[in-house]
Amino acid sequence: YIAPDNGVLSYVLEREKIERIIALEEAHFFREPVCPTFHARDIFAPVAGWLSKGTDPGNLGPEIETCVRFEIPKPRPLGDKLLKGQVIHVDRFGNVITNITRAAFEEMAARHPQAPPKIILAAKEIVEFVPAYGAAKSPFFFLFGSTDFLEIAAREQSAAAALGVAVGKEVGVMWG
């Protein structure tokens with residue numbers, strides 16, 4: 001991964017085993033001049049090119065012990081039938097991505113094998129759980145996206161706009 005040291009890799013660092021972290025300091029691997037506001041073009045893309053050609057990452061700068069991380073909100077069970085999380089992102093299609101992971105969902109669902117889950121968001125109950133966006137029949141539905149976070153979506157419209165939700169809004173999954 002090539003990124004600024006501003007916390008953007010927090011989710012990656014939470015899920016992946018990181019072997020080492022390198023501070024990009026060797027300027028001869030960068031595009032010149034380096035603009036202070038366009039590091040993706042002037043530093044990250046050239047470094048990716050060098051790495052694709054087999055350059056040893058250790059040649060790019062010193063190894064460092066840690067990088068900036070932000071606190072990742074975790075879903076939490078409330079009682080035996082409710083998993084509470086929050087909206088962490090709204091994508092460009094208006095799909096509502098939560099911090100509820102597939103693992104947390106499945107752990108709670110295993111306690112209630114006969115009870116179908118339902119989403120509670122913005123005073124609305126959403127009951128259709130689908131394997132893919134194209135399988136939905138209801139106006140609102142939920143599924144796990146490519147990053148294994150629970151997503152709430154709407155057919156042919158923005159779920160976020162239709163529900164009036166934004167990042168930080170609480171969401172619940174209830175069984176029974």
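Numbering of residues begins at 1 and proceeds along the displayed sequence. All values below come from the heavy atoms of this structure, side chains included, with hydrogens, waters and symmetry mates left out.
- Under the 4.5 Å side-chain heavy-atom criterion for ILVMFWY residues, a single connected hydrophobic cluster contains both V90 and V165.
- Heavy-atom minimum distance, E26 versus N59: CG-O, 3.2 Å.
- Using a 4.0 Å cut-off between a side-chain N of Lys or Arg and a carboxylate O of Asp or Glu, K137 and E128 do not qualify as a salt bridge.
- Cluster membership for M174 and M108, using ILVMFWY side-chain heavy atoms within less than 4.5 angstrom, is not shared.
- Separating the CZ atom in F144 from the CD1 atom in I100 is a distance of 8.0 Å, to the nearest 0.5 Å.
- In terms of heavy atoms, V173 sits closest to P117 at CG1-CB, 3.9 Å.
- Between the side chain of S158 and the main chain of A161, a donor-acceptor pair closer than 3.5 Å is present.
- No more than 12 heavy atoms of other residues, nucleotides or ligands lie within 6.0 Å of CD in E71, so this atom counts as exposed by the packing criterion.
- To the nearest 0.5 Å, atom CG of residue L143 and atom CG of residue L150 are 7.5 Å apart.
- Screening residues 150-174 for ring-ring contact (aromatic ring centres under 6.0 Å, His included), with sequence neighbours left out, gives no hits.
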Assess whether side-chain contact (heavy atoms from CB on, under 4.5 Å) is satisfied between K169 and L121, documenting all intermediate values. CA-CA 8 Å; K169 181 75 172 172; L121 177 62; 3.9 Å; yes

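- The closest donor-acceptor contact from the side chain of D5 to the backbone of V68 lies under 3.5 Å.
- R69 contributes a side-chain N or O that, together with a main-chain N or O of L13, makes up a donor-acceptor pair within less than 3.5 Å.
- Atom OH of residue Y1 and atom CD1 of residue I18 lie 6.5 Å apart, to the nearest 0.5 angstrom.
- In terms of heavy-atom proximity, D91 sits nearest to H89 at CA-NE2, 3.5 Å.
- The CG atom of D80 sits 10.5 Å away from the CH2 atom of W175 when rounded to the nearest 0.5 Å.
- A 4.5 Å side-chain heavy-atom check between I43 and V34 finds at least one atom pair inside the cut-off.
- Here the side chains of F30 and F44 are not in contact, with every heavy-atom distance at 4.5 Å or above.
- Contact annotation: the side chain of I152 approaches that of V171 to within less than 4.5 Å [non-hydrogen atoms, C-beta and beyond].
- Ring geometry for F129 versus F142: interplanar angle under 30°, hence parallel rather than tilted (30 to 60°).
- Here the closest non-hydrogen pair linking E32 and A27 is OE2-O, 3.8 Å.
- For the pair N99 (side chain) and G85 (backbone), a donor-acceptor distance under 3.5 Å is absent.
- The closest side-chain heavy-atom distance from V87 to V96 is below 4.5 Å.
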Let me see the working for I2 and L24 under side-chain contact (heavy atoms from CB on, under 4.5 Å), right down to the final yes or no. CA-CA 9 Å; I2 302 170; L24 302 178; 4.1 Å; yes

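- Between P57 and R20, some side-chain heavy-atom pair lies under the 4.5 Å cut-off.
- You'll find the side chain of I88 stays beyond 4.5 Å of the side chain of I72, heavy atoms only.
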Show your working on side-chain contact (heavy atoms from CB on, under 4.5 Å) between I126 and L163 and close with a plain yes or no. CA-CA 11 Å; I126 302 165; L163 296 168; 4.3 Å; yes

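- Pairing each heavy atom of F140 with each of A162, the nearest pair is CZ-CB, 3.7 Å.
- With rounding to the nearest 0.5 angstrom, the CG atom of D42 is 8.5 Å from the OG1 atom of T37.
- Atom CD of E170 and atom OG1 of T98 lie 12.5 Å apart (nearest 0.5 Å).
- Environment of CD in E106: crowded, with over 12 heavy atoms of neighbouring residues, nucleotides or ligands closer than 6.0 Å.
- Side chains of P77 and L82 form no contact here, defined as non-hydrogen atoms less than 4.5 Å apart.
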Working for side-chain contact (heavy atoms from CB on, under 4.5 Å), residues I22 and I64: CA-CA 6 Å; I22 305 291; I64 58 176; over 6 Å; no

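- Across every non-hydrogen atom of L83 and P75, the tightest pair is CD1-CB, 4.2 Å.
- Both tests pass for R15 against the ring of F149: distance under 6.0 Å to the centre and angle within 45° of the axis.
- With salt bridges taken as basic N to acidic carboxylate O contacts below 4.0 Å, one links K74 and E14.
- The shortest distance between side-chain heavy atoms of S138 and R155 does not fall below 4.5 Å.
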